[in-house]
Amino acid sequence: QVQLAESGGDSVQDGGSLNLSCTATGFTDRTYCMAWFRQFPGKEREGFASLFTGGGPRYYADFAKHRFTISRGNPDNILSLQMNSLKPEDTAVYYCAAVQCTSYKDFNSIPKGSPNVYTYWGQGTQVTVSS
């Protein structure tokens, strides 16, 4: 069974950086679509960065471009999120998610911001950015 566990959430100052990690266990030899979501109080989770474990271009929401980088770590069962130039409005609970995807075409067809297509979720990690 696939399990995801995030780590790395912390409190930082405006303009600071954080690196979040998501450790996946139970992955098979299959390929997956993996993503980072965040959730503000009272709001639905929204995806902002995702990749296909079989390779190919990654997806970023507009606000995440140039500030956030999604990548697979070493070992490759770790999904990382490097966040730079953090702002108070980035304060949220951050989640990683995964779903089995057989091809980059599958990845391309997923509604990137929607949590509904993802099967596996971590427990979330809090990121707080103070001004």
Side-chain angles (χ1 to χ4, degrees):
Q1 182 176 350
V2 173
Q3 293 186 319
L4 305 176
E6 303 94 338
S7 61
D10 206 344
S11 296
V12 297
Q13 294 288 317
D14 190 356
S17 298
L18 278 176
N19 188 280
L20 304 184
S21 294
C22 171
T23 301
T25 57
F27 270 8
T28 65
D29 289 338
R30 298 167 179 169
T31 49
Y32 295 82
C33 296
M34 299 190 74
W36 284 99
F37 283 72
R38 67 184 187 181
Q39 187 170 26
F40 302 107
K43 301 291 186 182
E44 188 179 62
R45 294 178 193 182
E46 184 176 41
F48 60 87
S50 55
L51 58 75
F52 174 56
T53 61
R58 295 154 192 187
Y59 162 80
Y60 294 95
D62 286 345
F63 77 84
K65 292 176 183 175
H66 312 304
R67 294 197 299 133
F68 295 178
T69 302
I70 186 173
S71 63
R72 295 182 74 194
N74 183 17
D76 62 9
N77 67 321
I78 293 177
L79 182 73
S80 295
L81 181 71
Q82 176 66 38
M83 301 190 293
N84 298 324
S85 302
L86 283 163
K87 307 173 183 180
E89 53 263 43
D90 293 318
T91 296
V93 179
Y94 285 70
Y95 297 87
C96 68
V99 62
Q100 187 180 331
C101 287
T102 58
S103 67
Y104 189 79
K105 184 178 178 181
D106 281 355
F107 171 74
N108 228 15
S109 67
I110 285 178
K112 297 300 185 291
S114 170
N116 300 327
V117 299
Y118 286 88
T119 307
Y120 307 106
W121 290 89
Q123 80 287 353
T125 187
Q126 177 71 46
V127 171
T128 302
V129 185
S130 56
S131 56

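All values below come from the heavy atoms of this structure, side chains included, with hydrogens, waters and symmetry mates left out. Keep in mind that this is a model prediction, so the values were computed, not measured.
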Test Gln126 against Thr91 for side chain to side chain contact (heavy atoms under 4.5 Å, CB included), laying out the working first.
CA-CA 8 Å; Gln126 177 71 46; Thr91 296; 3.9 Å; yes
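Residues Leu79 and Phe68 share a hydrophobic cluster, clusters being chains of Ile/Leu/Val/Met/Phe/Trp/Tyr side chains in contact below 4.5 Å. Tyr60 and Phe63 fall within the same hydrophobic cluster, where Ile, Leu, Val, Met, Phe, Trp and Tyr residues are linked whenever their side-chain heavy atoms come under 4.5 Å apart, directly or through other members.
Within the 4.5 Å cutoff, the side chain of Tyr32 has heavy atoms near those of the Val2 side chain. The shortest side-chain heavy-atom distance between Asp76 and Ile78 does not fall under the 4.5 Å cut-off. Residues Asp14 and Pro88 form a side-chain contact, since some pair of their non-hydrogen atoms from C-beta on lies under 4.5 Å apart. Inter-residue side-chain proximity for Met34 and Phe27 is flagged as met; some heavy-atom pair is nearer than 4.5 Å. At a threshold of 4.5 Å between non-hydrogen side-chain atoms, the residues Ser71 and Gln82 do not count as touching.
In terms of heavy-atom proximity, Asn84 sits nearest to Ser17 at OD1-OG, 3.0 Å. Between Phe37 and Gly47, the shortest heavy-atom distance links the atoms CD2-N, 3.0 Å. Closest of all the heavy-atom pairs between Gly122 and Tyr95 is O-CD2, 3.6 Å. Taking both residues in full, the closest heavy atoms of Ala98 and Leu4 are given as N-CD1, 3.8 Å, listed atom of the first, atom of the second, then distance. Among all heavy-atom pairs drawn from Ser130 and Gln13, the shortest one is OG-NE2, 3.3 Å. Closest approach of Cys101 to Phe52, counting heavy atoms only: O-CE1, 3.5 Å.
Side-chain N or O atoms of Thr119 include none that pairs as donor or acceptor with a backbone N or O of Val99 at under 3.5 Å. Of the possible polar contacts, one joining the Glu6 side chain to the Cys96 backbone as a donor-acceptor pair under 3.5 Å is found. Judged by distance alone, with hydrogens and angles left aside, the side-chain atoms of Ser21 form no donor-acceptor pair with the main-chain N or O of Ser7 at under 3.5 Å. Between the Gln39 side chain and the Ala92 main chain, no donor and acceptor come within less than 3.5 Å of each other. Under a 3.5 Å cut-off, the side chain of Arg58 and the backbone N or O of Ile70 do form a donor-acceptor pair. With Asp106 contributing its side chain and Thr102 its backbone, the two residues share a donor-acceptor pair below 3.5 Å. With hydrogens and angles ignored, the 3.5 Å screen pairs no side-chain donor or acceptor of Arg38 with any backbone N or O of Phe48. Formation of a donor-acceptor pair under 3.5 Å by the Tyr120 side chain with backbone atoms of Gln1 is not found in this model. For the pair Asn77 (side chain) and Ala24 (backbone), a donor-acceptor distance under 3.5 Å is present.
In this structure, CD in Glu46 is found 7.5 Å from CZ in Phe40, a value given to the nearest 0.5 Å. Note that CZ of Arg72 and SG of Cys22 are 11.0 Å apart. Values are rounded to the nearest 0.5 Å. Note: Thr128 OG1 to Leu86 CG = 10.5 Å, rounded to the nearest 0.5 Å. The OG1 atom of Thr125 sits 7.5 Å away from atom CH2 of Trp36, with the distance rounded to the nearest 0.5 Å. We find the OH-CG distance between Tyr94 and Leu81 to be 7.5 Å, quoted to the nearest 0.5 Å.
In this structure, Lys112 forms a cation-pi arrangement with Phe107, its terminal cationic atom sitting closer than 6.0 Å to the ring centre and no more than 45° off the ring axis.
Just one of Val127, Val129, Asn19 meets the side chain to side chain contact (heavy atoms under 4.5 Å, CB included) condition when paired with Met83; it is Val127.
Electrostatic pairing of Asp62 and Lys65 counts as a salt bridge here, judged by a charged N lying under 4.0 Å from a carboxylate O.
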